[in-house]
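To start, the structure itself, in structure tokens.
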Amino acid sequence: MTGIEIFCGIVAALLLFYYYSVANYNLWKRQGLPGPKPIPLFGNVAPVMFSKMSVGDWTQSVYKKYKAEPMVGIFVRRSPGLLINDPELIKTILIKDFAKFANRGVSVNEVAEPLSQHLFALEPKRWRPLRTKFTPVFTTGRLKEMFGMIVECANTLEKHLETVVAKGEPIDCRELAAKYTTDVIGYCAFGVNMNCISDEESKFRQVGKEFFSTSFLRLLRTRLRDSIPKLYTLLGYVIPYSYGTEFFMNTVLSVMEHRKKNNIVRNDFINTLLETQAHPEKLGDIELTDSLLASQAFVFFLAGFETSSTTISNALYELALNQDIQDKLREEINEHCEINNEEWHYENVKQMPVLDAVFKETLRKYPPLTVLNRKSVESYTFEEMKVSIPKDTYIIIPVYGIHTDPDIYPNPDVFDIDRFKDEAVSKRHPMHYLPFGDGPRNCIGARFAVFQSKIGLIKIIRGYKVDVCEQTAIPYKHNPGAFFLAPAHPISLKVTKIQS
């Protein structure tokens, strides 16, 4: 073969690769949809893939640029996607035509990541029966039963905080809150004392930290899983599982086995797993593997502690910056303490408007899930827009962009709890506040998260004053590699005991 032939072969291969990289990129232009220009192979998501921007910051930037457009054409690597800005279109996707968008489009890899088969990520076939099975765990009745256990963990947090505050050093409130919420999840959901508050080396806390770390190896795994799933599956047969996978699977399965052998019945998540295991026929033709069961416990553990702990620490951060709101909240807490003789009940917490507004405004400004992802399960046409999409089109709802839109929330950088007075709420479209999503595939544990977060805040704010200090990072910066919205720095605050 001559040099010219080799050269021509290389050029032809490069041209074919380029065509492969950009073959789909005219889809939205042909339909007259605006959108940012994609980069060959990476589409529009290169800043996210290379951890230059967080998902929330990236979608916010696109939302701002095209805010006047109901929908924006984008590309997730080579795959087409739509960023939806219009609230009625969002309602159509999440609620009205949910069945056409029932898939989240999150990668599941049973070989390389056996614990990825959880409710958040599963395809509709397995998601539907499992969601139906686990929904009763989070009813009002069950939450009332678990409320006392949440308070018990919060009392442990209160005692621990007294010891930590006595040292007179700034406190990493995010780590403190994560230990508390991990203990709550362990106690309420699994009947396991995870000892995170009292044990500096708790294995459960280590597993949680590692899963949400943004180390190079974890990011590499994530990018391979999303970009080259077939290669990642092949590698899954030879590379070890990610940190903590075997520990968590073994722990959950051993707890289940212990309860079966000793005929222990406890009205919690593990008990629901046992019932599911005992009656697999109720799930249809789904293969009920150990890893599928353990995955449901895994996502409850991870999402339950991480989202709530971040919300608690973000609320404390804002209360430290807004002392007038902190004083107002403490006054409400003290009033309810006096009314209820120092005892906290499910109904008490529901009757605290200031606490509720602080919680909601925290989630407005810092929504843990900055985007809602969906994927079309079939071809679909948005009749009003005359836009047709193929099956497996990514749908992205820019929650963080909406929550920080000054036309919806004036002065969005200001922490303003009056945004959640009834009159203000009634003027906003329901799809303009989505911290837990909406529709059939909303967050199954939302109410549990609300109560464990509120009780944690009550216990801290009642007895302690939080202030910013030299170690407090101002302004707040997002971690560009994190899955949930998370700070790129500790939430370090000065905490002082209030003398009674």
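Any value given below was found using the heavy atoms of this structure, including those in side chains, with hydrogens, waters and symmetry copies removed. The model shown is predicted, which means the values in this text are computed figures rather than measured ones.
- For F42 and F50, the distance between ring centers is under 6.0 angstrom.
- With a 4.5 Å cut-off on side-chain heavy atoms, V377 and N103 count as touching.
- Both tests hold for R104 against F120: distance to the six-membered ring centre under 6.0 Å, angle to the ring axis within 45°.
- Using a 4.0 Å cut-off between charged nitrogen and carboxylate oxygen, K427 and E423 count as a salt-bridge pair.
- Checked by atom type and distance alone, the side chain of E361 pairs as donor or acceptor with a backbone atom of D416 at under 3.5 Å.
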Q: Could you go through the side chain to side chain contact (heavy atoms under 4.5 Å, CB included) check for T310 and F484 one step at a time?
A: CA-CA 9 Å; T310 303; F484 291 121; over 6 Å; no
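- Not less than 6.0 angstrom separates the ring centroid of Y366 from the ring centroid of H478.
- For E88, the CD atom sits in a packed shell: over 12 heavy atoms of surrounding residues, nucleotides or ligands are nearer than 6.0 Å.
- In this pair, F138 and F269 present their aromatic rings tilted. The plane angle is within the 30 to 60° band.
- In this structure a side-chain-to-backbone donor-acceptor pair under 3.5 Å is present from Q452 to G304.
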Q) Taking it one step at a time, do N314 and K365 satisfy side chain to side chain contact (heavy atoms under 4.5 Å, CB included)? A) CA-CA 9 Å; N314 287 338; K365 194 172 179 183; over 6 Å; no
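- Comment: D356 engages K360 in a salt bridge, judged by a side-chain N to carboxylate O separation of less than 4.0 angstrom.
- Classified by interplanar angle (parallel below 30°, tilted 30° to 60°, perpendicular above 60°), the ring pair Y409/H403 is perpendicular.
- No donor-acceptor pair under 3.5 Å is formed between the side chain of R428 and the backbone N or O of Y433.
- The main-chain N or O of I461 is found under 3.5 Å from a side-chain atom of R330 such that the two form a donor-acceptor pair.
- R419 is listed as a side-chain neighbour of V414, based on a closest heavy-atom distance under 4.5 Å.
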Q: I would like to know whether K67 and N85 meet side-chain hydrogen bond (donor to acceptor under 3.5 Å, both in side chains); could you show each step before the answer?
A: CA-CA 7 Å; K67 191 170 68 171; N85 295 337; over 6 Å; no
Q | Residue pair D226, S107: steps toward the side-chain hydrogen bond (donor to acceptor under 3.5 Å, both in side chains) verdict | A | CA-CA 6 Å; D226 295 341; S107 299; 3.1 Å; yes
Q. What do the steps show when you test Y317 against V466 for side chain to side chain contact (heavy atoms under 4.5 Å, CB included), and what is the final call?
A. CA-CA 8 Å; Y317 177 82; V466 291; over 6 Å; no
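- Counting only residues at least two apart or in different chains, salt bridge (Lys or Arg N to Asp or Glu O under 4.0 Å) contacts with residues 295-312 comprise R174-E306.
- Ring geometry for F298 against F248 counts as perpendicular: the plane angle is over 60°, on a 0 to 90° scale with 30° as the lower cut.
- The aromatic rings of F359 and F436 lie parallel to each other, with less than 30° between the two planes, well short of the 60° mark.
- In this structure a side-chain-to-backbone donor-acceptor pair under 3.5 Å is missing from T182 to K179.
- You'll find the side chain of Y464 reaches within 4.5 Å of the side chain of E162, heavy atoms only.
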(Q) Set out, in order, the CA-CA distance, both residues' side-chain angles and the distance that settles side chain to side chain contact (heavy atoms under 4.5 Å, CB included) for L143 and F448, then state yes or no. (A) CA-CA 7 Å; L143 284 172; F448 182 90; 3.9 Å; yes
Q) Between N479 and S54, is a side-chain hydrogen bond (donor to acceptor under 3.5 Å, both in side chains) present by the stated rule, with each step listed? A) CA-CA 7 Å; N479 183 339; S54 68; over 6 Å; no
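- Between the side chains of E113 and T245, no donor N or O sits under 3.5 Å from an acceptor N or O.
- Scanning all heavy atoms of the two residues, the minimum distance from W127 to L119 falls at CD1-O, 3.4 Å.
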**Q.** Candidate pair K91 and D438, rule salt bridge (Lys or Arg N to Asp or Glu O under 4.0 Å), full reasoning
**A.** CA-CA 8 Å; K91 188 176 181 179; D438 208 329; over 6 Å; no
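- Under a 3.5 Å cut-off, the side chain of S227 and the backbone N or O of L224 do not form any donor-acceptor pair.
- One N or O on the side chain of S376 and one on the backbone of T393 form a donor-acceptor pair closer than 3.5 Å.
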